[in-house]
Amino acid sequence: MHIKVLYFARLREQFGVSEEIVELPDGAVMVAMLLDVLRARGGVWAEQLAAGQAYRVAVNQELADQVAPIEAGDEVAIFPPVTGG
Amino acid sequence: MHIKVLYFARLREQFGVSEEIVELPDGAVMVAMLLDVLRARGGVWAEQLAAGQAYRVAVNQELADQVAPIEAGDEVAIFPPVTGG
Amino acid sequence: MKISVQIEDFDLGREVTELRAHQPQIGAVASFVGLVRDINDGSTVAAMSLEHYPAMTEKALRDIAAEAAQRWQIIDATIIHRIGDLYPTDQIVLVAVASMHRHDAFAACEFIMDFLKTSAPFWKKELTPQGARWVDARETDETATQRWTKPSKR
Amino acid sequence: MKISVQIEDFDLGREVTELRAHQPQIGAVASFVGLVRDINDGSTVAAMSLEHYPAMTEKALRDIAAEAAQRWQIIDATIIHRIGDLYPTDQIVLVAVASMHRHDAFAACEFIMDFLKTSAPFWKKELTPQGARWVDARETDETATQRWTKPSKR
C-alpha cells in the first residue's frame with residue numbers, strides 16, 4: 001500500500017525532500033514500521049530517526065505515537081518538535 | 001492631637017460624613033484607639049466598626065492594621081473592602 | 001511604568017503599542033481588560049459608579065506594579081483604572097505587562113489584577129432595578145490574592 | 001471562535017473589539033501577543049521565517065481552543081498565528097479569550113499559548129550573523145504544558 005509522507009522544517013532540509021509516497025506492506029501497519037523502512041535507507045535517515053532523536057509524527061494531521069495504526073491513503077508527517085508561538 | 005479621618009463608599013454614606021478632624025490624646029496612639037473613640041459615638045458608628053465587621057484602615061495612604069501607630073498630622077482612612085478592577 | 005486613574009476611556013491597542021515602543025527585547029505582552037457586565041449577582045446593571053481614594057490610588061497601583069517587578073522579569077507595565085460613571089460593555093481597567101518571555105508577562109499581569117482587586121482603593125456602586133447598591137467584595141478575590149503569598153514556581 | 005493562520009499582520013485592538021462585540025455578559029478579556037525579539041539565545045536575530053504544516057495547523061489550533069473551552073467558562077476566543085518572513089518587533093501570535101470572570105480568561109489564554117507552543121505545527125528559522133538556524137524547542141515549553149495535565153484549581 002502507499003502512504004503519503006511529509007517532512008517539515010529541519011528534517012525537510014536534512015532529508016532533502018518535502019513529500020514522497022512510501023510503499024509499505026498491505027494490512028495492519030504501525031507508525032513504527034514506516035519509521036523502520038525510512039531508517040533502513042541509512043545515512044541521514046538512520047541518523048535523524050534513530051531512537052533518542054527528538055521528532056514528532058502526525059497521522060492524518062493529528063499527533064500520533066509509534067504504535068498508531070496507518071492504512072492506505074493516510075497522510076503521515078514527520079517533523080522536529082514545534083517552535084511556534 | 002488632631003487626626004484627619006476620611007470615609008469612603010458605603011461607610012461614607014452610612015456615617016453621613018466624608019472627612020473630619022478627630023481629637024485624640026497626645027502621644028503614642030494606635031489605630032485601635034481611634035476606632036474606640038469612633039465606636040463610642042454609638043449608633044451606626046458602633047455598629048459598622050464592631051469587631052467582625054469587614055472594613056479596612058489606611059494610615060497615610062497605606063493599608064494598616066489595628067496596632068499601627070498614628071501621630072499628629074496623620075491621615076487615616078476607613079473604608080469597606082475594595083471592589084475595583 | 002504608566003499608571004493612570006482617569007475618567008476617560010482607554011484604547012487597548014494604542015496602550016500596548018506605546019508599552020512596546022523602542023523595546024526590541026520584548027518577546028511577550030500579556031494584557032487584561034475588565035468590563036462592565038450587564039448582569040451581576042443576578043440583577044440587571046443599568047450603570048455603575050466608581051469611587052476611589054484619590055490620594056492613595058495611584059500609590060497603591062504603583063506599589064503593586066513594583067512588587068510584580070520584584071517577582072518577575074518584566075520590562076514595562078501599564079495600569080489604567082477608570083473612575084466615575086460607567087455603563088455595560090464599558091472598559092473599567094487595563095493591565096498590560098511586557099517581558100522577554102511569556103510566563104513572566106502572564107504571571108505579573110494576573111498578579112497585578114489580583115492585588116488591584118484587594119488592595120487598590122476603588123469601590124463600585126451599581127444601579128439596578130432594585131435601586132443603587134454597593135458591590136460586596138468577593139471572597140474569591142481574597143483567595144486569589146492569597147495564592148501569591150508563596151513564591152510562584154513552575 | 002476565530003482561528004487564523006496568516007501572512008498579514010494583525011491589530012490587537014481591533015481583534016479584541018471584534019471578540020467583544022454584542023456580548024454584554026463579557027466581564028474579562030485576557031490577551032497575549034508574542035513578538036520577534038532582536039536577540040535570542042545570545043545571537044542577534046536579523047529576520048525569522050515561520051514554516052507550518054498547512055493541512056494540520058488550523059485543526060491543531062481549533063483543538064487547543066476547544067480543550068480550553070472544556071476546562072474553563074469562556075465566552076469566545078481568537079487565535080491568530082503569522083507565517084512567512086518576520087523581523088524584530090513584528091507580531092507573531094495573538095491569543096485573546098473573553099469570559100465572565102478574569103480567572104477563566106487568564107487561565108484559558110495561558111493554556112492555549114502553552115499548548116500552541118508544543119502541539120501546533122509551526123517552526124521558526126532565524127537569520128543570525130552566524131547564518132540561518134532552526135530554533136530548538138525549549139524544554140521549559142514541555143514543562144509548561146505538563147503542568148496543565150492536572151485539573152486547574154485555585
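Only this structure's heavy atoms are used, side chains among them; waters, hydrogens and symmetry mates stay out. Lettering of chains follows the sequences in order, A, B, ..., and the numbering in each one begins at 1.
In this structure, chain B has heavy atoms under 4.5 Å from both the backbone and the side chain of C:L116. With a threshold of 4.5 angstrom between heavy atoms, C:A60 does not approach chain B through any atom at all. Of the atoms belonging to C:D141, not a single heavy atom falls under 4.5 Å from chain B. Using a 4.5 Å cut-off between heavy atoms, C:K125 contacts chain B through its side chain alone, with no backbone atom that close. B:A58 touches chain C through its side chain: at least one heavy atom from C-beta onward sits under 4.5 Å away, while N, CA, C and O do not. Interface residue C:K117: backbone and side-chain heavy atoms are both found under 4.5 Å from chain B.
B:R10 has no carboxylate O lying under 4.0 Å from a charged side-chain N of C:E51, or vice versa, which leaves the two without a salt bridge. B:R56 and C:E142 are joined by a salt bridge, as a carboxylate oxygen and a charged side-chain nitrogen come within less than 4.0 angstrom of each other.
Taking CZ from B:F79 and CH2 from C:W123, the interatomic distance works out to 5.0 Å, rounded to the nearest 0.5 Å. Here the CH2 atom belonging to C:W134 is positioned 10.5 Å from the CZ atom belonging to B:F8, to the nearest 0.5 angstrom. Once rounded to the nearest 0.5 Å, the distance linking CZ of C:F122 with OG1 of B:T83 reads 10.5 Å. Considering OG1 of C:T57 and CD of B:Q61, their distance stands at 9.5 Å, rounded to 0.5 Å. Here the CE-CG distance, from C:M56 to B:N60, works out to 11.0 Å after rounding to the nearest 0.5 Å.
Comparing C:L94, C:V135, C:D136 by how many heavy-atom pairs each has under 4.5 Å with chain B, the most go to C:V135. Listed options B:A54, B:P80, B:A77 were ranked by heavy-atom pairs under 4.5 angstrom with chain C; first place goes to B:P80. Counting heavy-atom pairs closer than 4.5 Å to chain C, the top-ranked of the candidates B:P81, B:A9, B:G84 is B:A9.
In C:E139, the CD atom is not crowded: 12 or fewer heavy atoms of neighbouring residues, nucleotides or ligands sit closer than 6.0 Å. Few gaps surround CD on C:E8; more than 12 heavy atoms of other groups in view lie less than 6.0 Å from it. For B:E71, the CD atom counts as loosely surrounded, since its 6.0 Å shell holds 12 or fewer non-hydrogen atoms of other residues, nucleotides or ligands.
Counting only heavy atoms from C-beta outward, the side chains of B:V82 and C:S119 never approach each other to under 4.5 Å.
Residues passing the side-chain hydrogen bond (donor to acceptor under 3.5 Å, both in side chains) test with C:S4 are C:Q6, sequence neighbours excluded.
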